[in-house]
Amino acid sequence: MQTKNLNNKPSYNFTTLWTWIGVVPFFAFIFIFLIMPSTNLFLGAFKDSHDNFTLANIAVLFNPYVIKSFSTSLQVSVITSVVGVVFGFFVAYGVTVGSAPKWMRKTILTFSGLAANFGGVPLAFAFIATLGHTGFVTAILKNICFSDSAGLQNCPFDIYERGFNLYSLLGLTLAYTYFQFPLMVLTITPALEGLKKNWREAAENLGANSLQYWWYVALPILLPSILGATILLFGSAFGAFATAQALTGGSIYLVTILIGQQIRGDVLGNPNEGYALALGMVMVMGVCILGYSVLQRLAGKWLKS
Amino acid sequence: MNTKKWNWWAIFWSVAALAYFFVPLFGTLEFSLRMERGKLSLKAYQIVLSDPQFLASFQYSAVMGVLTVLISTLIFLPTIYWIHLKIPKIRPVVEILTILPFIVPTIVYVFGLIRTFGRPPLQLTLTPFKTDILIMAGYVILSMPYMYRALDVGMRSIDVVSLTEAAQSLGANWVQIVLKVILPNMRIALLSGALICFATVIGELILGDFLVRPALGPYMVQVGRDKAYEPAALGIMSYALTWICLGLIEIFSQGNTKTQQLTGR
């Protein structure tokens, strides 16, 4: 690290042109396979079927069917990110500040890394095997029965009898939480570890109790990190497709599912309207990432030194 | 203050987390062993493993995974090296570019690919071979945020400039520098990037599905639609595969972050 300043020293006799040629393959690849397809979609949203400029496609975003899909997606994303953030926060609290046993801490952090990367089709399978009609947990709960005074069997935990359905929004929420809260644990743990002991001591010396310390000192410091993590979780749920597809077979109309159907069979009846739909989604994601990076910068202030 | 009370609070949430991790996992495992009535057996696994379609799709995805790792390395390693050595000022730009796949959801991305490469003049969807090129490029892009990050972190931990100068003063050419000096110093970063990259490709559904190639993801969806016990077996197997990939990363990166540079310090 002591030689870092050498970076700025022009040590080689290459022309500037040569220097830039070194990164051409990378930029060319990115341009052809990432920028071009994305721009193409963007432009397609503003063209009619004869390639003339139009704003008419954007109107599809106000189609009741499309509004419904956006609101379903938003609903799932907001619920799972809030549940994930709250649950994940307490878990992260437990393994850092709360000093849970060491083996628990290690297991939870390791499994968080695993579960945060475990999405898609296998996740849907796991939940079907666990909470589906014949799932493992469903079967256990179903067999908890009591005989009441009249001699009738009463099974209060027969969840499907009680109206639970895995192939619904609730089921989707449960499945998404499997990767959402570990994502929160992974993002918030460094921030919780950054809380200085002497902040707490200072608060206690001034007569604060635990609750006051958390409410007036720790939470305001953690707030940017928490909000940042919320946005991250929101984005990961909003863009998810595979789990929903495999779990519900496309019967829940998320935006991603709708786009999938549009690609397969042009359900909107106009390919260019599909591009407008995709554009709407990218805009939501773009706002998310922007907010995330701003909040990260704010959060970094407290983690330094 | 009463620390005991807080400990219970912490333990409650930790146990809840462990339950959330393990109940579905155990449920899936148990379910996958229940294929034969009244006893535990590995029949579901036997059926999956002897299904030629499974073997074909697994092989397809595994080969794609390996090729994606190779191509990613070929594109990203020299580029990141060059950027660190020559033009560190464009690093922020490159970083933004490499997180773009997070902003563009995969389903939107594949839509863009189909619109761009599904028609002349750049049509790549006519033959399976050309589609494979397209899908591989897509995999490289999708795994780029992980691969780039892993390599960038690795490159930051070695002193690129000194290593290059030392190699040059010993008469090495650029190919030799990259292959014999940079590559060995980057092997841990490269390995962790490669494993994440491979795991991403193996578990990927959307590209294989919408570009209609026989990948593992679409196969799993189809099995999930038609069968009862086999999906659970597949779920356990892919959980184990992710586990192995991440476990290997953990093993290889342990204690090596500080002493990654082999020579030249």
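Proteins come first, then strands; the chains are lettered A, B, ... in the order of their sequence lines, and each starts at number 1. Remember, predicted model here, so these are calculated numbers, not experimental data.
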Side chain, backbone, both or neither: which part of S112(A) has an atom under 4.5 Å from a heavy atom of chain B? both
A129(A), P122(A), G94(A): which one forms the most heavy-atom pairs within less than 4.5 Å of chain B? A129(A)
Region of Y239(B) in contact with chain A, defined by heavy-atom distances below 4.5 Å: both
Comparing V284(A), V255(A), L174(A), V97(A) against chain B, the one with the most heavy-atom pairs below 4.5 Å turns out to be L174(A)
Which of parallel (below 30°), tilted (30 to 60°) and perpendicular (above 60°) describes F238(A) and F234(A)? parallel
Heavy-atom contact with chain B under 4.5 Å, split by part of T177(A): both
Determine whether a donor-acceptor pair (N or O, by modelled atom type, separation under 3.5 Å) exists between the side chain of T19(A) and the backbone of K86(B). no
Under 4.5 Å to a heavy atom of chain A? For M144(B) that would be side chain
Under 4.5 Å to a heavy atom of chain B? For F27(A) that would be side chain
Bottom line for F181(A): the part with an atom under 4.5 Å from chain B's heavy atoms is side chain
Report the relative orientation of the aromatic rings in F26(B) and F136(A); use parallel for angles under 30°, tilted for 30 to 60°, perpendicular for over 60°. perpendicular
Per-residue contact mode, L97(B) against chain A (heavy atom under 4.5 angstrom): both
Ring pair (Phe, Tyr, Trp, His ring centres under 6.0 Å), paired with F111(B), selected from Y275(A), F42(A), F241(A): Y275(A)
Decide side-chain contact (heavy atoms from CB on, under 4.5 Å) for F29(A) and V140(B); before the verdict, give the C-alpha distance in whole Å, the side-chain angles of both, and the deciding distance to 0.1 Å. CA-CA 10 Å; F29(A) 187 83; V140(B) 172; 3.5 Å; yes
Honestly, the part of L131(A) sitting under 4.5 Å from a heavy atom of chain B is neither
Does the ring center of F22(B) lie less than 6.0 Å from the ring center of F111(A)? yes
Counting heavy-atom pairs under 4.5 Å to chain A, which of S238(B), A137(B), S32(B) comes out on top? A137(B)
Do you know which of L114(A), V91(A), V282(A) has the most heavy-atom pairs with chain B at a distance under 4.5 angstrom? L114(A)
Engaged part of I289(A) at the chain B interface, taking heavy atoms whose separation is under 4.5 Å: side chain
For A16(B), which atoms come within 4.5 Å of any heavy atom of chain A: side chain, backbone, both, or neither? both
So, the part of V121(A) with a heavy atom under 4.5 Å from chain B: the answer is side chain
Answer key: most heavy-atom pairs under 4.5 Å with chain B among G88(A), G239(A), G22(A) is G22(A)
Residue T134(A) versus chain B: region with a heavy atom under 4.5 Å: both
Quick check with a 6.0 Å cut-off and a 45 degree axis cone: is K106(A) positioned over the face of W103(A)'s six-membered ring? no
Measure distances from L246(B) to the heavy atoms of chain A and classify the residue's part below 4.5 Å as side chain, backbone, both or neither. side chain
dist M184(A):CE -> S236(A):OG (nearest 0.5 Å) comes out at 12.5 Å
Going through the checks in order, is the side chain to side chain donor-acceptor pair (under 3.5 Å) test met by Y148(B) and S72(B)? CA-CA 9 Å; Y148(B) 176 83; S72(B) 297; over 6 Å; no
Quick one: what part of L74(B) sits under 4.5 Å from any heavy atom of chain A, side chain, backbone, both or neither? neither
Is the centre of the F90(A) ring less than 6.0 Å from the centre of the F87(A) ring? no
Would you mind checking which part of M281(A) comes under 4.5 Å of any heavy atom in chain B, side chain (CB onward), backbone (N, CA, C, O), both or neither? side chain
What part of V137(A) gets closer than 4.5 Å to chain B, counting heavy atoms only: side chain, backbone, both or neither? side chain
With heavy-atom distances below 4.5 Å as the criterion, would you say the side chains of S69(A) and I257(A) are in contact? no
Of I87(B), I83(B), I80(B), the largest count of non-hydrogen pairs under 4.5 angstrom with chain A goes to I87(B)
Assess whether atom OH of Y146(B) is packed by more than 12 heavy atoms of other residues, nucleotides or ligands within 6.0 Å. no
Are R264(A) and F210(B) in a cation-pi contact, defined as NZ or CZ under 6.0 Å from the six-membered ring centre and within 45° of the axis? yes
Which atoms of L279(A) are under 4.5 Å from chain B, going by heavy atoms: the side chain, the backbone, both sets, or neither? neither
